[in-house]
Amino acid sequence: MSTDRRKPYPFDRLEAKWQHHWDSQSTFHAPNPGDPGFDPAKPKYYVLDMFPYPSGTGLHVGHPEGYTATDILARYKRMRGFNVLHPMGWDAFGLPAEQYAIKTGQHPAVTTAHNIDNFRAQLKRIGFAYDWHREVNTTDPGYFKWTQWIFLQLYHSWFNPATKKAEPVSTYRGADPDLVRLAYVAEVPVNWCPELGTVLANEEVIEGKSEVGGHPVERRPMRQWMLRITSFADRLIAELDGLDWPDSIKLLQRNWIGRSEGAEVIFSIEDTAQPVRVFTTRPDTLFGATYLVLAPEHALVEEITAESQREAVRAYQESCRSKSDLERTDLAKDKSGVSTGAFAINPVNGERLPVWIADYVLTGYGTGAIMAVPAHDARDHEFALKFNLPIRQVVQPPGEEPWQGFTGHGTAVHSDFLSGLPTQEAKQEINRWLELHGKGKGTVQYKLRDWLFSRQRYWGEPFPIIWENGRHNAIPESELPLTPPIMEDFKPTGTPEPPLSKALDWVRYSETARRETNTMPQWAGSCWYYLRYCDPKNPERFISKEAERYWMGADSANPGGVDLYVGGTEHAVLHLLYARFWHKVLFDLGHLSTPEPFQKLVNQGIILGEDGQKMSKSRGNVVNPDEIISEFGADAFRCYEMFMGPLEQMKPWSTSGVEGVSRFLARVWRLVMEENQAGEWVRSAALVEVPLEKPQLKVLHATIKKVSEDIESLSFNTAISQMMIFVNAFTGAAQRPISAIRTLLKLLNPLAPHITEELWFLSGAEGTVADQVWPEYDPAALIEDELELVVQINGKVRDKLTVLRIATSQEIEAAALASPRAQEWTAGKTIRKIVVVPGKLVNIVV
RNA sequence: GCCGAAGUGGCGGAAUGGCAGACGCGCUAGACUCAAAAUCUGGUAUCCGUAAGGGUGUGUGGGUUCGAGUCCCACCUUCGGCACCA
């Protein structure tokens, strides 16, 4: 494809012109309450993109998919009279910048600034209607000052189980507030990645390897900052209900939080003072327990292990410790474990149960100990078979299924006072019994763990914390922002000591106090950026009360929060969960007016390469948006991305598809313009002020209706189809009514803003399209006097019939029966039934 | 293994239970042209038939209905997520 091929219309010139116009006029600046130009009569609309990490490789075609969708909504709502907040910014802390910096010796701040300039230029080239006055950057001290401030809110708060809310830690009545803070320090087994020189969150470890780079990850205990997100588990589940999110994403979050109801049961251990607590979701099977299993790391193992087993237990613990997570969680492997030689007493019947340790029991979940019921649990069953432990039925399956290995609900058997009860009732009964006898109680467990919040990196927000005499303390708010030290060498130390520990002057806070040298994870900045956009330059607060109430608050017409949030599914769990958590804490503390940040969420599907495979450098199927824009223009690029298919769906790229959309835009161009003898574009002589013919009127109003509805429902592909139908209908006309063409320009403007502005101007209209009011359709124009009906015989189309719109069912029936084809098909047959669907069809059943 | 989403022409896809395949790509014929590109006009699921017309057809098999791509049941395939969570 030659690049000097003649352009179907001069998009290169006109796109640059309008981008400059929007920039210089601040066309899409949204005023806050109190700002000049603010109109309190206008409703607000907050439409948000997931801001990008400004990588060195620049924008790929996946970014603009979601960004174009929100841009269409922003421009559409603006024409509908809304005050639209549509901002963009940079999630610029993070590992790649730091690693690139280490490789090149350039400071990450330098490369980050360069990458941001590149991203901004690329986005402007696509013509997005962002309010660039509101740009935020998570690495800007004016921004991360407030990230640190929010951390201090967490640090100074606790979750009051009585009120189920975050409260200032001063309301805590216990002795040591450090035990309950939402931000706390703990010695926890963490995912240590030697290659990256840092700890990773569970979420950042995929199959025992780091999500970034795929390096091996091992577990080791380390002192870390944690955020008590588990306190909010119930609310994070419950408050999903009111959100307009895809059900699949809500489900993903619920599964991630992983709430399960069950019971804690207390087993005493022979010859030991300490009892073992186990968690089970099937307390109804307590009579079927034949042994206990503790996680190898369980605190009681040391105490209870019999002398004879001490050696074997120690060896097993050692082998587990050296295993990577990958090996340990490999499902294909055999069950392993050793006996401790100790015996537990089943509280319900006094039986002696051997106590084992095995790595299929995890330290981090429940109590780190289980009662094994091999008859009715697949893992226990496998373990019992391998080690020849007894298997005892206590549930009778409802059908013909064999009881051994049956894990469903049935009826309790061989279970004393539970026998005969259905599983549900048996659970309640045994919970009552346990509580009555002080042997346990019903509890709830979550898969969600507290959020491991510290990283051993340079390029992140420093914690506003100092250490003195082994105790941590917050620095005063007046010392924020706490900027990282300027360092020549910010390489990982190779030990768990973070790079900041090398900046000795910075670390030294006072004679006796030292700074915390960990930094926050990349998630921190993205947890609240949507709030900062509302009031991006405020030096006094992270967001002013007024701005928060206006953009995020609820009113009678609006449940509050961001009105539309579009981004990829890769953030369906972590980012959205973390941001909701912070939002709830800030809400509880009275800083925000609604408990949920994102009212409506839409996930765009990923764009595959032309070969139907995931785009990747190694496959060589990556599409560069810059090249597409150079060849076809930004409008064609935008429209093609929207025309590919439904927004949420995964779909392959097709460059010839871009050509098709480009042809469509060129046809729009030629509705208004034509070439003269000299090959210059001049206003078309066919464009005149004439009244519309009836069929034209119908197409026009059908198009207004369809495009309006389709934009509201984010069905941009069919909106474009309808506008193609419009263009096809008007292209052939000898005289093209100027009013109808201008209406099309308004409808097309949100999708293709440059060409429509230029044609608006060239057609001699006043002002700009962006400032026009969105057109309304006239239902009367869609009504025809005569309708074409389908005549079916036994559900098959046999004829067509034109009837008056006002015809009665009887008249339609008669006309259908009289039609020649119906006569043929019904000849000699009995008519059993006639179904008339007004405006659609007649079905004759013979 | 569990959970979720999806299967429609050569391709991307469209279709409040009511004419399956809108719109676009590709292909194809024609117009314009010395010619090509571009542009414009028409055709394009499949089988039988010169045609008129008819049969078949939305992953597979059943069902509900006057009527099913759409609703119900079972199954197959693909993709995504979680994964020894007791």
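A note on names: the letters A, B, ... follow the listed sequences, proteins ahead of strands, and every chain is numbered from 1. This structure is a prediction, so every number in the text was calculated from the model and none was measured.
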Colleague: With a cut-off of less than 4.0 Å, is there a side-chain N or O of A:Trp825 near OP1 or OP2 of B:G54?
Modeller: yes

Colleague: Distance check needed: B:G81 C1' versus A:Leu577 CG, whole Å only.
Modeller: 15 Å

Colleague: Considering just the side-chain nitrogens and oxygens of A:Ser248, establish if one lies under 4.0 Å of OP1 or OP2 belonging to B:C3.
Modeller: no

Colleague: OP1 or OP2 of B:G54 versus the side-chain N and O atoms of A:Arg798: is any pair under 4.0 Å?
Modeller: yes

Colleague: Before you tell me yes or no, could you show the steps for A:Lys335 and A:Asp380 under salt bridge (Lys or Arg N to Asp or Glu O under 4.0 Å), namely the whole-Å CA-CA distance, both residues' side-chain angles and the distance that decides it to 0.1 Å?
Modeller: CA-CA 9 Å; A:Lys335 289 273 178 293; A:Asp380 298 344; over 6 Å; no

Colleague: Quick one: A:Asp710 CG to B:G13 P, roughly how many Å, whole number?
Modeller: 17 Å

Colleague: Check every strand shown and say whether A:Thr569 touches a base, only sugar-phosphate, or nothing at a heavy-atom separation below 4.0 Å.
Modeller: nothing

Colleague: More than 12 non-hydrogen atoms from neighbouring residues, nucleotides or ligands closer than 6.0 Å to NZ on A:Lys386, yes or no?
Modeller: yes

Colleague: Could you work out the separation of B:A86 and B:G4 based on their C1' atoms and round it to a whole Å?
Modeller: 24 Å

Colleague: Between B:C25 and B:G43, how far apart are the two P atoms, rounded to whole Å?
Modeller: 15 Å

Colleague: Have A:Glu641 and A:Thr68 got a donor and an acceptor in their side chains that come within less than 3.5 Å?
Modeller: no

Colleague: I want to check one thing: is the phosphate of B:C82, taken as OP1 and OP2, less than 4.0 Å away from some side-chain N or O of A:Arg254?
Modeller: no

Colleague: Does the plane of the ring in A:Tyr578 sit parallel, tilted or perpendicular to the ring in A:Trp451? Use 30° and 60° as the thresholds.
Modeller: parallel

Colleague: Closest approach to the side chain of A:Tyr360, judged atom by atom: which nucleotide of B:C84, B:A86, B:G4 is it?
Modeller: B:C84

Colleague: Can you label the angle between the A:Phe383 ring and the A:Phe387 ring as parallel, tilted or perpendicular, going by 30° and 60°?
Modeller: tilted

Colleague: Return the set of residues passing ring-ring contact (aromatic ring centres under 6.0 Å, His included) with A:Phe279 (not counting sequence neighbours), or none when no residue passes.
Modeller: none

Colleague: Taking protein heavy atoms under 4.0 Å as touching, what does nucleotides 16-35 of chain B look like 5' to 3' if B marks base contact, S marks sugar-phosphate-only contact and - marks none?
Modeller: B-BB--BBSSS---------

Colleague: Could you measure between the two C1' atoms, the one in B:C48 and the one in B:C32, and give it in whole Å?
Modeller: 39 Å

Colleague: Taking the C1' atom of each, how far is B:G69 from B:A51, in whole Å?
Modeller: 32 Å

Colleague: From NZ of A:Lys706 over to P of B:A14, roughly how many Å is that when rounded to an integer?
Modeller: 10 Å

Colleague: Would you say a side-chain N or O of A:Lys651 is under 4.0 Å from OP1 or OP2 of B:G12?
Modeller: no

Colleague: Determine the Euclidean distance between corresponding C1' atoms of B:C23 and B:A6; express it in Å to zero decimal places.
Modeller: 22 Å

Colleague: Determine the Euclidean distance between corresponding P atoms of B:G57 and B:C79; express it in Å to zero decimal places.
Modeller: 29 Å

Colleague: When all nucleic acid strands are considered with a 4.0 Å heavy-atom cut-off, which category describes A:Met650: base, sugar-phosphate, or nothing?
Modeller: sugar-phosphate

Colleague: Determine if the base of B:G9 is syn or anti; take syn to mean the glycosidic torsion is within 90° of 0.
Modeller: syn

Colleague: A side-chain contact here means heavy atoms from C-beta on lying under 4.5 Å apart; do A:Thr285 and A:Met371 qualify?
Modeller: yes

Colleague: Can you tell me, in whole Å, how much space there is between the P of B:A29 and that of B:A38?
Modeller: 15 Å

Colleague: Which whole-number value in Å describes the distance from A:Asn255 CG to B:G1 P?
Modeller: 18 Å

